[in-house]
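Encoded as structure tokens, the structure appears first; notes follow it.
Every chain is numbered from 1, with letters handed out A, B, ... down the list of sequences. Every value quoted in this text rests on a predicted model; they were computed, and no experiment measured them.
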Protein chains: 2
Amino acid sequence: MNRSDCMENPHLLVYQEVKHENLLRKISIFKHLSHKSLQVIEKRIQTFELKKGDQIISEDEVARGVYFVHSGAVKLTKEDENGNEIIVCVKQKGDAFAEACLFTQKTERYPATATMLQEGKIIFLDKLELEQDLYANPELAMQMISYMSDALREMTSQLRDVALLDVYAKTVKTLERLGNKFNTGQNRWNIEIPLTVQEFATVVGTTRESVSRVFSKLKKESIIDLKSRKIVILDWCGLCTLLNREY
Amino acid sequence: MNRSDCMENPHLLVYQEVKHENLLRKISIFKHLSHKSLQVIEKRIQTFELKKGDQIISEDEVARGVYFVHSGAVKLTKEDENGNEIIVCVKQKGDAFAEACLFTQKTERYPATATMLQEGKIIFLDKLELEQDLYANPELAMQMISYMSDALREMTSQLRDVALLDVYAKTVKTLERLGNKFNTGQNRWNIEIPLTVQEFATVVGTTRESVSRVFSKLKKESIIDLKSRKIVILDWCGLCTLLNREY
DNA sequence: GTAAAATTGTGATGCTCCGCACATCTTTAT
DNA sequence: ATAAAGATGTGCGGAGCATCACAATTTTAC
């Protein structure tokens, strides 16, 4: 995505003027940064107000920079040669994505395609500029390494689940993982995951029909429900019980 | 792994004295570091001479530090609750592993279990000490972020392959991926991958029998061969042809 | 060098899950 | 409000792959 795209596309509104510090404070890697360091970065960011379904970047584009989710939710997908899709990660407010393009070659492409799951505000930071900031600011570099560590860990666990578990177990585990991610408040009921059954299936790495069958069972047990293109976890305890059960 | 382990285990020889600069120069993230910066790190490293099959770390251990492969090869595995194993990554000389424990909580465990595939020398660096070095040395932090970027990218691609492709395609792709990793020289023939069929199957995320059936076909076409617990790629061009073929 | 242990090859069998079909329900557009 | 588009539920058949079994081969140990 770049400036010219925004000109062509009417709902890509650029707010270059609105650069409040508290905008960046919402992003996990900037949260504990000093006021001074943050000011430098503030001048460089671009923010975009995007709607559900809008594509932010594509995996065949040359990587220009790193993105941050200020609000809303984003799915990261990859395709194989037959056009089959998998959601490799779901990003929530505070998260970063396309961070894997840092300090790589100039011609390197984005690691995945990113699309809005819910409308929200996305922050963009140029690759080279962020690299400078990371270089100049050990505190920031530390936060970035910490964030990438977590991403690597999560990815490793997901790989294990996708490879080893059957559809039922993968579905329940994915519900638990995403439930944790989207559990905004402190209460543990009515957690909303902004995915359709169709999309959820591509996170799990299976078909829509298979997930639908598992969901039917879970709905009978009143553990989940579907409401307006979202998955709602009604009974968190019930879900966790399933996880610890032997099959 | 710690000092007391080494006392108990006779083949864990500690070479605390041997700390040549060229030892660290073999590791990709230290390769371009200044002589001065390297000297600081040299004093902190511990090196271990390990045999094939030796376990270096386990995923249920609390993470103490980061490891580097000076020579030999290492597999990183994860288990599910039923004891099924998947190799999430294979590390080659120059690589780092357990880097995902950097800047995480003190009680955090290692992301995976690491075991020697081939005998070789492993370098250990304490988590807190490396964190200090990263903080003090932007050049090093940059290299670390770059290395983690690559790891994230590779993991994303592997996740896509495991989730979407059938056994035949996954096997061929994995051969190509590991072939590239273990292609030491410049020539493109007789590339040796230090894995048994059994182990290879757990990289692909399938059974030994399924891989064996695919390998039978590839052996008939003289693309690969098995020699002394290793997989040898005889015909790189032939292998790449298979990759681009439509199924 | 020989026996034991480990690894590999391959057939037969059955189970899981994919893919299709189509009905039903929900959301969006006009 | 009504039609169109999209998402979901579920039965059925078949493909792919795991699992079991056991023979053949290779590697390791003494």
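- At the phosphate of D/dT8, neither OP1 nor OP2 sits under 4.0 Å from any side-chain N or O atom of A/Arg229.
- The minimum heavy-atom distance linking B/Val203 with B/Gln158 is given by the pair O-NE2, 3.8 Å.
- Taking 4.0 angstrom as the limit, B/Gln198 places none of its side-chain polar atoms (N or O) nearer than this to OP1 or OP2 of C/dA6.
- In this structure, CZ of A/Phe215 is placed 15 Å from P of C/dC17, rounded to the nearest angstrom.
- Residue contacts shown for A/Ser212 include a base, since a base heavy atom lies under 4.0 Å away.
- Atom CZ of A/Phe200 and atom P of D/dT8 are 12 Å apart (whole Å).
- With hydrogens and angles left out, the side chain of B/Arg213 and the base of D/dG16 share no donor-acceptor pair within 3.5 Å.
- B/Met116 and B/Lys51 make their closest contact through CB-O, 3.3 Å (heavy atoms, listed as atom of the first residue, atom of the second, distance).
- At C/dC18, one or more side-chain N or O atoms of A/Thr206 fall inside 4.0 Å of OP1 or OP2 (strictly under the cut-off).
- Atom-to-atom, CG of B/Leu195 to P of C/dT7 comes out at 13 Å; the value is rounded to the nearest Å.
- Base pairing in DNA chain C yields stems of at least 3 consecutive Watson-Crick or G-U pairs, both distances under 3.5 Å, namely C:1-30 with D:1-30.
- For C/dC18, one of the phosphate oxygens OP1 or OP2 lies less than 4.0 angstrom from a side-chain nitrogen or oxygen of A/Ser210.
- Put simply, the side chain of A/Arg208 and the base of C/dG19 share no donor and acceptor less than 3.5 Å apart.
- The side chain of B/Ser216 places an N or O atom within less than 4.0 Å of a non-bridging phosphate oxygen (OP1 or OP2) of C/dT10.
- For a distance-only test at 3.5 Å, the side chain of A/Glu209 qualifies as a donor-acceptor partner of the base of C/dC20.
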